[in-house]
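One structure is given here, and the rest of the page talks about it.
Residue numbering restarts at 1 for every chain, and letters A, B, ... go by the order of the sequence lines. Values in this document were obtained by computation on a predicted structure and should not be read as measured data.
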There are 2 protein chains.
Amino acid sequence: MDNFNFYSPTEFVFGADRENEAGQMVKKFGGKNVLVHFGGGSAVKSGLMDRVTKSLENAGLSYVTLGGVKPNPRDTLVYEGIALCKKENIDFILCVGGGSVIDSAKAIAAGVLYEGDFWDFYSGKAAVEKALPVGTVLTIAAAGSEGSGDTVITQEATGLKRGAGSNALRPRFSIMNPALTQTLPAFQTACGACDIMAHVFERYFTNTREVEITDRLCEAVLLTMVKEAPRVIKDPDNYEARANIMWAGTVAHTNIVGVGRSQDWNSHNIEHELSGFYDVAHGAGLAVIMPSWMEYVMPHNPMRFAQMATRVFGCEMNFKCPEETAKEGIRCFRRFLKELGLPINFEELGAKEEDIPALVEKFGVGDGKTGGFMPLSAEDISNIYKIAAHAKV
Amino acid sequence: MDNFNFYSPTEFVFGADRENEAGQMVKKFGGKNVLVHFGGGSAVKSGLMDRVTKSLENAGLSYVTLGGVKPNPRDTLVYEGIALCKKENIDFILCVGGGSVIDSAKAIAAGVLYEGDFWDFYSGKAAVEKALPVGTVLTIAAAGSEGSGDTVITQEATGLKRGAGSNALRPRFSIMNPALTQTLPAFQTACGACDIMAHVFERYFTNTREVEITDRLCEAVLLTMVKEAPRVIKDPDNYEARANIMWAGTVAHTNIVGVGRSQDWNSHNIEHELSGFYDVAHGAGLAVIMPSWMEYVMPHNPMRFAQMATRVFGCEMNFKCPEETAKEGIRCFRRFLKELGLPINFEELGAKEEDIPALVEKFGVGDGKTGGFMPLSAEDISNIYKIAAHAKV
């Protein structure tokens with residue numbers, strides 16, 4: 001097992017009606033003057049924003065609000081948020097929403113305490129060393145941002161989608177009421193499920209060390225998703241299924257399923273170019289990219305894919321030809337995604353094969369290679385986009 | 001899923017040679033004047049204490065030491081530790097050892113900041129609200145105390161073994177070098193493995209809600225132990241197996257495998273009377289008690305035991321008679337413990353059937369019932385001790 005540090009100090013406050021504790025939680029972690037950051041009108045219309053701000057008032061806290069976060073959150077709103085926090089002397093950022101809102105809040109939190117341009121953190125010019133404390137009221141099970149130190153922001157002018165990470169960005173608390181996800185459209189629920197599984201697969205496909213405990217924890221989350229995701233698509237009001245998915249989404253991304261060995265993350269990075277380019281949902285892009293990536297890299301280590309196939313999708317092991325088992329597992333995964341209602345190729349996603357050279361160019365791997373499972377060159381990445389363009393079940 | 005809070009803020013610093021970072025870690029978490037708390041001579045003889053204190057010196061920290069913690073740690077040494085901390089103005093407790101040393105350190109940490117008798121926390125008279133910060137250098141994979149807010153202390157004069165718990169007692173950091181466990185005798189390694197599995201089973205046997213993710217995470221740890229524990233008994237120097245077990249022990253007890261539903265803990269409490277009474281190893285006592293408890297309570301919910309049997313021990317499901325599958329799973333577990341070299345009945349443990357009334361009396365359930373899976377009366381507890389007295393594979 002490789003040496004590692006694991007640190008996940010977020011307090012998770014999970015269950016029905018817990019959003020009413022938002023004020024107490026902010027207070028517990030020292031906040032007095034709060035920026036409430038959110039997305040579109042749904043949090044307002046549903047009454048959630050009212051409940052949250054009332055809870056802040058009941059705790060004797062003052063606040064200002066900043067809405068308007070879009071999927072694939074933009075740098076432009078981050079700049080606005082930083083200016084607002086400075087003007088209002090904000091000491092705590094409470095976000096109400098999904099991964100996009102949380103990622104935007106983290107960017108603001110880091111930017112407020114930084115003298116330079118916050119984009120430096122995303123372009124790799126600087127590392128986040130301090131940030132305002134952030135708390136979340138999660139409304140979408142997907143990104144895992146509620147339990148991670150990661151954030152991804154899209155630069156409006158260029159379409160570049162880039163990530164940053166730091167323990168300083170880990171939320172102090174995350175309030176997670178599964179009932180809040182019951183009103184999500186089925187497509188968005190399915191996108192979230194795909195993102196959660198992808199977070200596990202990025203960690204599962206490793207080639208450094210045998211780590212039984214990490215493998216088994218990965219499989220635990222994947223088995224849960226295989227059971228619960230179809231259940232929630234069929235029965236959107238099923239609280240138990242929603243709760244399992246919501247908590248699985250957090251477990252998938254605190255890194256408890258990833259310690260002690262290399263990770264890959266090529267699928268995420270290859271997808272980021274798609275959703276940055278076409279402004280499609282990240283989870284939908286992953287449904288197109290991840291199985292295609294699997295097909296392309298499987299020959300590099302067929303036994304890991306055969307293990308996934310047998311342990312997660314219950315495939316019979318073909319001892320004469322493990323590659324066949326591996327392929328069957330990938331087919332099962334793509335079929336599973338399709339049955340959730342997700343796109344599995346460029347046409348269904350709204351992407352175009354002719355854009356592949358531009359996507360590869362934006363990826364920017366140059367003459368090098370990238371990724372922890374099987375390092376990929378620009379040509380490899382182009383080949384994966386080509387598989388994705390024409391994929392079918 | 002029941003509402004829950006999950007909070008595990010400990011920073012885990014895992015891997016080879018990491019004990020040399022002890023000084024930096026204490027400094028990072030604000031310590032300046034440290035009590036180094038440890039057990040017997042092995043930490044001194046192995047050179048570990050030297051490396052740890054050197055690391056404190058390199059970080060410019062001052063320290064005093066207090067050794068002598070025994071298995072089933074005593075209140076007497078806790079009183080001594082509290083007095084020493086007050087006299088020396090200690091602001092951080094660093095423990096070097098296994099669960100007993102960590103539990104003793106937590107008791108001291110809480111006692112220093114409390115005006116009354118620290119035993120109040122263990123007798124249920126008071127709750128721990130604050131404590132000195134604690135860090136650990138773990139040398140035994142077993143108790144999970146390195147990642148929990150729990151502590152168990154034995155009152156020397158009465159033999160009473162009682163627990164307390166608080167988030168204030170969660171270690172700030174835990175340094176975990178699997179190589180440090182390589183010198184443990186096989187029996188102690190096996191005791192640790194049993195304790196780790198018991199921590200999972202106490203959470204697995206629930207009857208409130210279906211929680212797929214929690215079940216699957218429990219099974220992930222159990223499957224890891226079933227693979228790695230026999231490997232390490234056969235090959236004590238196997239670092240990879242040691243590493244898997246050590247991390248599994250932490251995962252088993254931060255409560256990530258227990259959220260969202262009731263837990264039981266009767267086996268632990270029934271065992272505590274044994275190890276308090278005879279001063280035997282906790283893990284050895286659990287090997288005698290836990291399968292006996294399983295036999296006794298299985299008819300209350302055979303399907304949960306059948307699930308364990310099939311998913312953890314790979315038993316074939318008997319669809320006509322799930323009770324048979326359940327029984328086979330319990331037999332597998334007891335056989336597994338026996339093969340690790342653990343006692344499975346009173347005689348092998350060094351306990352006496354004639355003491356059962358005294359053990360039940362000490363347990364002190366009175367006319368009530370206790371436990372979250374199947375609440376047990378004094379008579380039930382007596383029956384479980386009787387099964388344990390004569391158990392065989």
With rounding to the nearest 0.5 Å, note down the distance linking [atom1] in [X] to [atom2] in [Y].
| X | Y | atom1 | atom2 | result |
| --- | --- | --- | --- | --- |
| Ser55(B) | Leu94(B) | OG | CG | 8.5 Å |
| Met308(B) | Leu222(B) | CE | CG | 8.5 Å |
| Asp150(A) | Leu169(A) | CG | CG | 8.5 Å |
| Arg216(B) | Leu223(A) | CZ | CG | 4.5 Å |
| Asn318(B) | Thr325(B) | CG | OG1 | 4.5 Å |
| Ile256(B) | Ile256(A) | CD1 | CD1 | 5.0 Å |

When heavy-atom pairs shorter than 4.5 Å are enumerated against chain A, which of [options] gives the highest number?
| options | value |
| --- | --- |
| Asp2(B), Val251(B), Asn3(B) | Asn3(B) |
| Thr224(B), Thr254(B), Thr250(B) | Thr224(B) |
| Trp247(B), Phe173(B), Phe4(B), Phe6(B) | Phe4(B) |

Under 3.5 Å side-chain donor-acceptor pair for Asn167(B) and Glu11(A): no
Heavy atoms only, distances under 4.5 angstrom: which of Asn244(A), Thr10(A), Ile245(A) has the most pairs with chain B? Name it, please.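 Maximum pair count with chain B is reached by Asn244(A).
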By a 4.5 Å heavy-atom criterion (distance strictly below it), what part of Val257(A) contacts chain B: side chain, backbone, both, or neither?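 Interface part for Val257(A): neither.
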By side chain to side chain contact (heavy atoms under 4.5 Å, CB included) - contacts of Lys227(B) (at least two apart): Glu210(A), Glu212(A)
Is a side-chain N or O of Arg170(B) found less than 3.5 angstrom from the main chain of Tyr7(B), in a donor-acceptor match? yes
Donor-acceptor pair, Thr214(A) side chain versus Val259(A) backbone, under 3.5 Å?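 Confirmed, Thr214(A) side chain pairs with Val259(A) backbone.
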Which region of Arg172(B), side chain (C-beta onward) or backbone (N, CA, C, O), has a non-hydrogen atom less than 4.5 Å from a non-hydrogen atom of chain A, or is it both or neither? neither
Which of residues 14-27 of chain A have a heavy atom under 4.5 Å from any heavy atom of chain B?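 Within residues 14-27 of chain A, near chain B: Phe14(A), Gly15(A), Ala16(A), Arg18(A).
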Parallel, tilted or perpendicular: which fits the ring planes of Phe373(B) and Phe305(B), with parallel below 30° and perpendicular above 60°? perpendicular
Give me each pair satisfying salt bridge (Lys or Arg N to Asp or Glu O under 4.0 Å) with a member in residues 239-254 of chain B, each pair once, sequence neighbours excluded.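 For residues 239-254 of chain B, and leaving out neighbouring residues, the salt bridge (Lys or Arg N to Asp or Glu O under 4.0 Å) pairs sorted by first residue read Arg209(A)-Glu240(B).
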Considering heavy atoms only, which positions within residues 190-205 of chain B lie below 4.5 Å of chain A? none
